[in-house]
Amino acid sequence: MMEFMPLVLFAVICTVLMFGYPVALSLAGTALAFAGLGTGLEALGIDANFDAGFLSAFPNRLYGIMTNQTLLAVPLFVLMGVLLEKSRVAETLLEAMALLFGSLRGGLGISVTLVGMLLAASTGIVGATVVTMGLMSLPTMLKRGYSMPLATGTICATGTLGQIIPPSIALVLLGDVLSSAYQQAQLSMGIFSPKTVSVGDLFMGALVPGLLLVVFYIAYVAVIAWLKPSAAPAVDRRDLMEELGHQGGLGLLLLKGLVPPIVLIVVVLGSILGGFATPTEASAVGAFGALVLALAYRRLDVATLKEVLRSTVNVTTMVFLILIGAALFSLVFRAYGGEHLVTAVFESMPGGVIGATLVVMLVIFLLGFILDFIEITFVVVPIVGPILLAMGLDPVWLGIMIAINLQTSFLTPPFGFALFYLRGVAPDSVPTSSIYRGVIPFIVLQLGMLLALSWFPGLATWLPDQF
């Protein structure tokens, strides 16, 4: 029985989280309880298969978290995204896109997809993007005659792009965890000068799949508009300008609302991909640029600045508390021999590395119903990552597969997080069934992307290999 304690620990963690307790405290509290149980049983002379020596590494883990330069990008990217949201820069961007494409059938849907992509690149937080797009665009789309399933599905799907479009916080955290897992895997194979994988590599690997997903979304909206014009009608540009209250020309609005945010995102992402800056340095540039934009638009007062800083601190402290709790969980899991247990299970699994990868992807997909990407990144990936990478998987490919897998999980009824976020801000006139029906085609598109990555890993690995 004691050899299965790691699995019992993992099951208890998931159960506690399903009751809604704070994630960081649940991870740390449950791990400490099992550590106390193991230590107590060993003191009574009962072999609990628990090595308390692992716990002595916890202070070093904490110090490593505090001195990790890569994780410094988290608060700065959060600050950048929240500034663009709270100072209504994102709202101006959506209005400019709507005026640019609205006169086309399906134009509003295309606008929402493109703005969602840019918001995903700036915030990287699924909830923030879905809520922002739901509040700004859903009333306009419904008022202009868009079908409820198409409108809600487009908003939910574009909101989840924050998982895969760089510079995403999810990719920053995933890249840091995979870097450690990759080095651990190589050391286990006797490679004592291990190669490294950086957050920048993951950004480059995510670029092609992320942009392909955006193209797929736009193509789907365009096809629906062509086959069923009443589901995605064109909008009269003059009426829309009057409704939005814009007096100037379209060119002036595009110059004001479209160019500055795009330039900011291109500078941030381009500096990383071009090797001119690390993700941490680029995040500082992005946060400063967002602050300049908010001041230039005259939408940053003291109250807004306080709200921005409060939101940034809340998200950042949540991330780091979860990271500390996950570090303690990981040590207790290993102290019970969990690493060896998982390795043995994977090695005995039919299908070898393919079978193991399929099982891991299925488990991560199901966990995405009850856990956020932060918990999965810090709890699950450190357990399975080193084993899968030691079996020969490419770390960049594995990271992109996990990110798109979680993106699909967050979109899948009935438990997808993106559905809950949109349901919270959608009008009562929009039934939940419409939201569920609307996301199904986008889920199919994302599953298609996962299959494409499985057959053509170069979609994720080609660009990083060029640098």
Side-chain angles (χ1 to χ4, degrees), residues 68-94 96 114-129 132-133 158-159 161-176 198-207 210-211 214 256-297 299-300 304-305 307-320 373-374 403:
N68 191 325
Q69 292 293 315
T70 301
L71 294 178
L72 190 60
V74 173
L76 292 170
F77 275 135
V78 173
L79 179 61
M80 172 183 167
V82 175
L83 268 171
L84 292 177
E85 176 195 348
K86 300 294 184 184
S87 60
R88 293 172 48 221
V89 174
E91 184 178 337
T92 304
L93 180 62
L94 179 61
L114 292 174
V115 174
M117 175 191 71
L118 295 173
L119 279 183
S122 61
T123 64
I125 303 173
V126 171
T129 307
T132 302
M133 297 302 295
T158 54
L161 287 172
Q163 289 293 115
I164 191 66
I165 296 288
S168 160
I169 295 173
L171 293 178
V172 172
L173 300 176
L174 194 57
D176 184 65
S198 67
V199 173
D201 293 331
L202 217 57
F203 280 0
M204 285 187 279
L207 199 59
L211 293 178
V214 173
K256 177 183 175 183
L258 193 59
V259 175
I262 291 179
V263 169
L264 174 63
I265 293 168
V266 168
V267 167
V268 171
L269 189 55
S271 63
I272 298 172
L273 301 183
F276 301 108
T278 65
T280 302
E281 294 164 345
S283 66
V285 173
F288 179 75
L291 181 63
V292 171
L293 282 184
L295 289 171
Y297 288 153
R299 292 173 179 169
L300 188 66
T304 303
L305 183 59
E307 190 176 356
V308 166
L309 294 177
R310 187 179 295 111
S311 297
T312 303
V313 170
N314 285 342
V315 174
T316 304
T317 50
M318 175 193 70
V319 169
F320 279 85
F373 77 89
I374 300 173

All heavy atoms of Val214 vs all of Ile165, minimum pair found to be CG2-CD1, 4.3 Å
Could you tell me which residues satisfy side chain to side chain donor-acceptor pair (under 3.5 Å) with Ser198, sequence neighbours excluded, listed by chain and number? Asp201
Who passes side chain to side chain contact (heavy atoms under 4.5 Å, CB included) against Val267, sequence neighbours left out? Val263, Val285
Do Glu307 and Val82 touch side chain to side chain, with heavy atoms closer than 4.5 Å? no
Smallest heavy-atom separation, Ala282 atom then Ala277 atom, equals N-CB, 4.2 Å
Under 3.5 Å, sequence neighbours excluded: what are the donor-acceptor pairs made by side chains of residues 71-78?
none

Nearest heavy-atom neighbours spanning Pro260 and Tyr297: CG-OH, 3.4 Å
Distance in Å, Asp176 CG paired with Leu171 CG, rounded so as to fall on 0.5 Å steps: 12.5 Å
Please table the atom pairs, donor to acceptor, closer than 3.5 Å between any side-chain atom in residues 286-296 and protein atoms at least two apart or in another chain.
none

Taking side chain to side chain contact (heavy atoms under 4.5 Å, CB included) as the definition, give me every residue that meets it alongside Thr304, ordered by chain and number, with sequence neighbours left out. Lys86, Leu300, Asp301, Val308
Heavy-atom pair with the smallest gap, counting every atom of Leu211 and Met117: CD2-SD, 4.0 Å
Return the CG to CG distance between Leu83 and Leu309, rounded to the nearest 0.5 Å. 7.5 Å
